[in-house]
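Sequence positions, counted from 1, serve as the residue numbers for this chain. Remember, predicted model here, so these are calculated numbers, not experimental data.
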Amino acid sequence: MDARPLSFSVLVILIAAATLASGYSPPTPPPTTVYPAVKTVEAAVEGMVYCQSCDKYGSWSLGGAEAIAGAKISIICKNHRQQVSFYKVFQTDSYGHFYGELKGLKMTPHFLDHPLHACRAKLVSSPREDCNLFSNINNALDGASLRYEEKRLKWKNYEAVVYAAGPLAFRPDHCPATTAPPPTY
């Protein structure tokens with residue numbers, strides 16, 4: 001057997017051992033760049049849903065109205081070509097308040113695709129059998145426009161621009177006849 005390949009292998013091992021013993025370490029890779037977390041900015045809508053009192057029927061007044069827990073409203077957005085680009089149903093909490101993020105709403109540079117122009121709030125359903133007819137308070141039958149009231153929610157990596165809708169209201173399906181005489185003018 002030829003000793004040359006064996007002696008060459010031994011020589012390579014000795015050189016490697018001597019190099020490591022003298023404190024050699026492989027070069028460290030350059031530090032990775034740490035980028036700050038991307039801040040997410042969302043749009044959201046909030047509002048209230050009521051049951052209009054019988055004595056205010058036919059008006060936009062909500063005097064004496066009761067908040068409706070569990071009512072459903074929808075937010076519908078249409079792009080500048082009048083195609084539905086976003087639709088989602090939200091439910092009110094125990095105080096009649098709804099808050100919904102418009103996650104998935106695509107806003108293009110076209111100004112008509114902005115939530116103030118593109119989105120409307122509509123009544124969907126009321127859990128109250130005695131108050132489940134749609135009223136047209138704030139044009140809810142066609143869809144109540146959103147309003148910007150300079151409200152923002154901010155956290156570390158999240159921000160929501162909150163638009164207001166409504167208030168919206170259902171009305172009773174049956175109101176008792178009033179016994180008061182008609183007003184005289």
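In this structure, A69 and P127 approach most closely via the heavy-atom pair O-CG, 3.1 Å. Residue I137 comes nearest to P167 through the heavy atom pair CG2-O, 3.8 Å, listed as atom of the first residue, atom of the second, then distance. Here the closest non-hydrogen pair linking A121 and L168 is CB-CD1, 4.1 Å. Residues Y163 and A43 approach most closely at CE1-CB, 4.0 Å, considering heavy atoms. Between R152 and V161, the closest heavy-atom pair is NH1-CG2, 3.4 Å. Here the shortest heavy-atom pairing between G166 and N138 reads C-ND2, 3.3 Å.
In this structure, the side chain of R120 does not engage the main chain of A140 through any donor-acceptor pair within 3.5 Å. Between the side chain of S74 and the backbone N or O of V124 there is no donor-acceptor pair closer than 3.5 Å. The closest donor-acceptor contact from the side chain of T92 to the backbone of H97 lies at 3.5 Å or more, if one exists at all.
No single ILVMFWY cluster, assembled from side-chain heavy atoms under 4.5 Å apart, contains both M48 and F170. Under the 4.5 Å side-chain heavy-atom criterion for Ile, Leu, Val, Met, Phe, Trp and Tyr, I68 and V45 are members of the same hydrophobic cluster. Both I75 and L141 belong to a common hydrophobic cluster when Ile, Leu, Val, Met, Phe, Trp and Tyr are linked at side-chain heavy-atom distances under 4.5 angstrom. In the hydrophobic clustering of this structure, F134 groups with F90; members are Ile, Leu, Val, Met, Phe, Trp, Tyr whose side-chain heavy atoms approach within less than 4.5 Å, directly or through other members.
To the nearest 0.5 Å, atom NZ of residue K88 and atom CD1 of residue I76 are 14.5 Å apart. Note: N132 CG to R171 CZ = 9.5 Å, rounded to the nearest 0.5 Å. To the nearest 0.5 angstrom, K72 atom NZ is 13.5 Å from L123 atom CG. In this structure, the separation between CZ on F98 and CD on Q91 is 12.5 Å, given to the nearest 0.5 Å. Distance check, rounded to the nearest 0.5 Å: CG of L153 to CD of E159 gives 9.0 Å. The distance from the SG atom of C175 to the CG atom of D130 is 10.0 Å, given to the nearest 0.5 Å.
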Step by step, would you call Y99 with V162 a side chain to side chain contact (heavy atoms under 4.5 Å, CB included)? CA-CA 9 Å; Y99 175 87; V162 182; 4.1 Å; yes
Apply side chain to side chain contact (heavy atoms under 4.5 Å, CB included) to residues L133 and Y57 and explain how you reach the verdict. CA-CA 11 Å; L133 297 179; Y57 172 71; over 6 Å; no
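Taking 4.0 Å as the cut-off between side-chain N and carboxylate O, E149 and K151 do not count as a salt-bridged pair.
Taking the side chain to side chain contact (heavy atoms under 4.5 Å, CB included) definition, one finds that K56 meets it with Q52, S53, S59, S61, sequence neighbours left out.
A disulfide (SG to SG under 2.5 Å) check over residues 121-150, counting only residues at least two apart or in different chains, returns the pairs C51-C131.
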